[in-house]
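Numbering of residues begins at 1 and proceeds along the displayed sequence.
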Amino acid sequence: MDIDEDIGDSSPAETPATKMSRQQILTLIAMASINFSSMICYSILGPFFPNEAKKKGVSQAMIGLIFGIYALCTLVGSLLLGKYIVQIGAKFMIVAGLFVSSGCTVLFGFLDQVSDGTVFIVLCFITRCINAIGFSAAVTASFAVLAKVFPDNIATVLGFMEIFTGLGLILGPPLGGWLYQSFGYEIPFVFMGCLLFATVPLNLWILPRCVCFCYCLPSSHGDRPNSFLRLCTRIKILLICFVVFTLSSGLGFLDATLSIFAIEKLNLSAGSVGLLMIGLSLPYGAASPVFGVISDKYPSNRKWMMVIGGMATAVSFCFLGPLPVFHIRSQLWLTVLMLIVVGFSLCMTCIPTFAEMIACAHENGFEEGLSTLGLVSGLFSAVWSAGMFFGPTIGGYITQALNFEWSAGVQGAIAFLAVRNSMSQKANRTDRSLSEGEKSPLLPKTDHLRVDVS
């Protein structure tokens, strides 16, 4: 993020309060259903799957890879689908993505019937990969649709949407843990998959009235062959992407490792681990609309929200274990407190990023249409997915080689590095501005003035 660059100039500081149209209300309902159902399906694995996979002879590193492959496939799917959203169609991407994702969620629930070892691992990978493609289609298209329908209030709307993301993350772990303890491995996935499938007819009914202008409207200038590359040549875009990467990396790390740490070190049950994860998702969902409104009303504060949130994230991850260098024993109250801080700080950092990326794209000559929104939402989803792959994969490996405490400290160091790069960029721009100011002449040049003295 370019600290010295005022993004407020590219978007209005305040927009007049207007009543939402029926189209906008229906769009919010559709997108909220996608966020809630997708996140509740994604988050049910955390409390019990790592321990269940461990019983089937799967190592901690491989468990992290099973979590991470989902994000890797989402990354690839987001880039491809984001680029061709106009040709494929936003409606088709959302409906087809929900259908595929719901089916894979149900199938994942029957993998406990297969033999232990290699067969179980391979089928986990295949199911998670196909599920991720469906998820990436629905989420990438939903971001683009929201940005199209709410061009002047995208951060506020995203903050509102994150309420339902938070609700899904809040209800998923405890509900999944309770269903697992009460009915076994299959029922949580069958129940959640059916819930996700129920959003398919809902969006089939709503979307033709909401986004018919999106999926049939061609780009006015056509897609440029190197659009993603052009977008990524901007330093500010790269810095924002790194911030997004650190956020998702931390969340992915917690998904794959927190449950085993809580069971072994804090002596919690699978159901209690689900309740523990509420400490992360509840503050995230509760603070999202507040930070969304602040981001839209005071656009110049977005950069500081990212910096402050990133610093808080770095510190909280270091004390989550906590790091052995602090010589503090792992305690339940400290873990809960740090998860709450992580939830707030991730929310503060994440909410402004998408609006910043859209503003930067428009500043650098990208057209204001669905094609650009698809590119930005695809890039955002891809970078988020890259972090979700890195976090559980590398975090799982470090946890297996060392322990959870050191692995959480690595996540904190990555978050601190993102903040440091942002502040360094600000310092560099300040130095360049001062240098240019010192070289400027005290008096304006007057060579162009001619005085007739004859």
Side-chain angles (χ1 to χ4, degrees), residues 1-5 7 10-11 68 71-83 85 132 136 139-140 143-144 147 154-155 158 162 224 226-253 295 299 302-311 313-314 345-366 371-394 411 413-426 428-429:
M1 96 209 66
D2 192 343
I3 301 298
D4 231 35
E5 194 165 346
I7 308 306
S10 62
S11 57
L72 182 63
C73 292
T74 304
L75 184 156
V76 176
S78 298
L79 288 174
L80 293 177
L81 296 171
K83 182 174 178 61
I85 186 173
S136 65
V139 171
T140 300
F143 269 111
I154 182 60
L158 286 180
E162 290 304 304
R224 303 183 186 182
N226 296 322
S227 295
F228 274 117
L229 294 178
R230 287 200 312 115
L231 194 61
C232 293
T233 56
R234 304 305 303 169
I235 297 297
K236 187 170 77 173
I237 287 288
L238 292 178
L239 291 175
I240 295 175
C241 285
F242 186 50
V243 171
V244 174
F245 175 86
T246 62
L247 301 178
S248 58
S249 175
L251 288 175
F253 162 75
S295 177
R302 292 173 184 165
K303 49 185 175 287
W304 297 113
M305 290 171 63
M306 291 187 233
V307 170
I308 296 171
M311 285 297 298
T313 301
S345 60
L346 288 180
C347 176
M348 179 186 294
T349 311
C350 180
I351 292 299
T353 53
F354 188 66
E356 289 282 81
M357 292 176 71
I358 292 177
C360 184
H362 291 163
E363 287 172 358
N364 288 277
F366 284 78
S371 178
T372 297
L373 297 176
L375 288 174
V376 174
S377 62
L379 180 61
F380 181 91
S381 299
V383 174
W384 183 273
S385 301
M388 292 294 285
F389 173 76
F390 178 89
T393 304
I394 303 302
Q411 294 297 325
I414 296 173
F416 178 76
L417 181 62
V419 175
R420 182 179 180 278
N421 287 342
S422 302
M423 298 304 293
S424 297
Q425 179 71 7
K426 176 188 177 183
N428 291 338
R429 285 186 57 85

For this session: Hey, could you give me the CG/CG distance between Leu346 and Leu247, rounded to the nearest 0.5 Å?
Result: 5.5 Å
For this session: Drop me the distance from Met305's CE to Cys347's SG, to the nearest 0.5 angstrom.
Result: 7.5 Å
For this session: Go through the steps for Cys241 and Met357 under the test side chain to side chain contact (heavy atoms under 4.5 Å, CB included), then give the verdict.
Result: CA-CA 9 Å; Cys241 285; Met357 292 176 71; 4.0 Å; yes
Exercise. Minimum heavy-atom separation for Ser345 to Gly309, with atom names?
Worked result: CB-O, 3.3 Å
For this session: Provide the closest heavy-atom pair for Pro392 versus Gly387 in the form atom of the first, atom of the second, distance.
Result: CD-O, 4.2 Å
Exercise. Between atom OG of Ser248 and atom CZ of Phe253, what is the distance when rounded to the nearest 0.5 Å?
Worked result: 14.0 Å
Seminar exercise, completed: Heavy-atom closest pair (Gln411 atom, Ser249 atom, distance to 0.1 Å) is OE1-OG, 2.8 Å
Problem set entry | Closest heavy-atom pair and its distance - Ser136, Leu81 | OG-CD1, 3.8 Å
Exercise. Looking only at atom types and distance, does a side-chain atom of Thr353 sit under 3.5 Å from a main-chain N or O of Ile240, one as donor and one as acceptor?
Worked result: no
Seminar exercise, completed: So CD1 of Ile414 and OG1 of Thr313: to nearest 0.5 Å the spacing works out to 12.5 Å
Exercise. Are the side chains of Lys303 and Pro352 in touch, meaning some heavy atoms are under 4.5 Å apart?
Worked result: no
Exercise. Taking all atoms of both residues into account, what is the closest heavy-atom pair of Cys350 and Trp384, and its distance?
Worked result: SG-CZ3, 3.9 Å
Exercise. Is it true that a side-chain atom of Thr393 and a backbone atom of Phe390 form a donor plus acceptor pair closer than 3.5 Å?
Worked result: no
Seminar exercise, completed: Residues at least two apart in sequence or cross-chain that pass side chain to side chain contact (heavy atoms under 4.5 Å, CB included) with Ala361, listed by chain then number, are Leu231, Phe366, Thr372, Val376
